[in-house]
There are 2 protein chains.
Amino acid sequence: MQKYSGETRILVATDCIIFGFDGFKIKLLVVQRGLEPEKNKWSLMGGFIQPSESPDDAANRILELRTGLKNVYMEQFHVFGRPDRDPVERTLSIAYFALIDIHKYEKQLSEEYHPEWFLLNEMPELIFDHAEMVKLALRQLRYKAALHPLLFQLLPEKFTIPQLQALYEGVYQTKFDDRNFSRKLLSTGLLVKLSEKDKLSSKKGAFYYQLDQSHYEENFESFLNLVPNPEKFF
Amino acid sequence: MQKYSGETRILVATDCIIFGFDGFKIKLLVVQRGLEPEKNKWSLMGGFIQPSESPDDAANRILELRTGLKNVYMEQFHVFGRPDRDPVERTLSIAYFALIDIHKYEKQLSEEYHPEWFLLNEMPELIFDHAEMVKLALRQLRYKAALHPLLFQLLPEKFTIPQLQALYEGVYQTKFDDRNFSRKLLSTGLLVKLSEKDKLSSKKGAFYYQLDQSHYEENFESFLNLVPNPEKFF
DNA sequence: TCAAAAGTGTTCCGTCTACACCCATGT
DNA sequence: ACATGGGTGTAGACGGAACACTTTTGA
């Protein structure tokens, strides 16, 4: 079978937006770009799709190549395609995003491209339209996290309710009522209480919980209401 | 500035999934494919992105080219990129979807590619992975329509509440309680009651309403609850 | 004993559901 | 008069918001 003739083929890249939580703040992972133009400037982890790989495969390969991170669940969320978004040559970019527990992946991070975590409001200037991508990804994150039990994934195996609350407060840049938050959270039935307590952040100590994995998977699409008035944040 | 060397460029298409409502049922618009392979088989409206157009522009151009439809608000929703999805040559497809009032666009439809509306459960076989695209788009439609005032757009300027309910019931393939539906709907404040009644479908007659346009625009992102237990439908 | 953080109880209120019932009108 | 579909009223369950209060323990 012959090819489609007379049509223009285009470079297609994927860019990965990786949000992480270190227990206190939400951060974004960026690397130093390895090729001209804009070499050594801060950039999302990006690269070109190869002839025989799917966009999902490309995103995973590129993330590992640039940072060393493996087995991160990323979701495709938008194609950026302004014809002039890359000054060198027209390039479409399929953007992916993910959320991770920074400590859990700490050891995997390779130094080759100098990956670095930045606080959202201390982000350096990013190349091309990457700042716009981050903005849209954050919006998407807030949207999904307001409706579904998504942020639970950013925490270590065992975590306390105040930690999870800090995470939500980080994502939405606001404060929630501790008392209602914990009650709502427990009422979801997604958590299993452990006997151990975390005594570091308070005198009373907060019980550790872990995800009820099977419950979590079957309720992943269910609607939560941990964030009051979510539309306020979009 | 030179080009990126050593990278493979890929064909990129857009495909448009157009859902329509004729007052009774939800339908999908498809055309007969104009080129080999699979020429004359049923297909979504698709075509290749040109060098200097954005994906959004391409989707609009292609929709008009294939069907004659102009000024349809479409939303990008997913990239389909399995390397072998097009047997001729690797092609990525950026899928767009939209919802329209069939009657409103009836006159614009051009006959060149034999566009035709099919009921969702009477769809012919579609080429490539187009059936999968439709399935995902329908899921997306149900998701968004359960949360936001989206379906209102599918109706003519003036419409009755039972008509709107029939539309929701078509999208979710189920029945809602008429009494609660109309009360919830009115409580959104998005509708303006007209003095005229539609007497065709009942003896008592149902009042016509129209969208309160300014309200609608500012509340487009607000959350509705016209669909009980929406997670049931995903 | 006091301070600090975790977490529970309680009250108020608005919203959803289910369903009885009333309304308007063509036949 | 009565059948038909359009719509309102109402009672009970439920869940969220606000906030007083109790619990635990280190200093």
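Each chain gets a letter, A, B and so on, in the order its sequence line appears, and its residues count up from 1.
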Using whole Å, what does the distance between atom [atom2] of nucleotide [N] and atom [atom1] of [X] come to?
X: B/Asp178; N: C/dT17; atom1: CG; atom2: P; result: 14 Å
X: B/Tyr209; N: D/dG7; atom1: OH; atom2: P; result: 6 Å
X: B/Asp198; N: C/dA24; atom1: CG; atom2: P; result: 17 Å
X: A/Leu186; N: C/dG7; atom1: CG; atom2: C1'; result: 9 Å
X: B/Phe207; N: C/dC23; atom1: CZ; atom2: P; result: 14 Å
X: B/Leu226; N: C/dT17; atom1: CG; atom2: P; result: 10 Å
X: B/Lys197; N: D/dG6; atom1: NZ; atom2: C1'; result: 8 Å
X: A/Leu200; N: D/dG26; atom1: CG; atom2: C1'; result: 13 Å

Has [X] got a side-chain N or O lying under 4.0 Å from the OP1 or OP2 atom of [N]?
X: B/Lys184; N: C/dT17; value: yes
X: B/Asn180; N: C/dT17; value: no
X: B/Asn225; N: C/dC16; value: yes

### Query
Is the closest side-chain donor-acceptor distance between B/Tyr209 and B/Gln163 under 3.5 Å?
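Result is no, nothing qualifies.
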### Message
Could you tell me if B/Asp15 and B/Ser93 have a donor-acceptor pair between their side chains, going purely by distance under 3.5 Å?
### Response
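Note: B/Ser93 and B/Asp15 side chains meet the donor-acceptor criterion.
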Going by the angle between their ring planes, with limits at 30° and 60°, are [X] and [Y] parallel, tilted or perpendicular?
X: B/Phe97; Y: B/Phe77; answer: perpendicular
X: A/Tyr143; Y: B/His148; answer: tilted
X: A/His78; Y: A/Phe80; answer: perpendicular

### Query
What does A/Ser201 touch in the nucleic acid at a heavy-atom separation under 4.0 angstrom: a base, only the sugar-phosphate, or nothing?
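Counting heavy atoms under 4.0 Å across all strands, the contact made by A/Ser201 is with sugar-phosphate only.
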### Query
Are A/Arg142 and B/Glu221 ion-paired here, with the side-chain N under 4.0 Å from a carboxylate O?
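Here A/Arg142 does not pair with B/Glu221 in a salt bridge, since their nearest N and O are not under 4.0 Å apart.
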Look for any protein N or O under 3.5 Å of an N or O in nucleotides 20-23 of chain D and output each such pair with its distance, or none.
unit_1, atom_1, unit_2, atom_2, d
D/dA20, N7, A/Arg179, NH1, 3.1
D/dA20, N6, A/Arg179, NH1, 3.2
D/dT23, O2, A/Lys204, NZ, 3.1

### Query
Pick the nucleotide of DNA chain D nearest each of A/Arg183 and A/Ser202; which residue has the one closer to the 5' end?
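Nearer the 5' end of the strand: A/Arg183.
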### Task
Cation-pi check, A/Lys197 to A/Phe207: give yes when NZ or CZ is under 6.0 Å from the six-membered ring centre and within 45° of the ring axis, no otherwise.
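Yes, a cation-pi geometry holds between A/Lys197 and A/Phe207.
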### Query
Between B/Lys199 and A/Thr160, who's closer to the 5' end of DNA chain C by nearest nucleotide?
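Whichever sits nearer the 5' end wins; that is A/Thr160.
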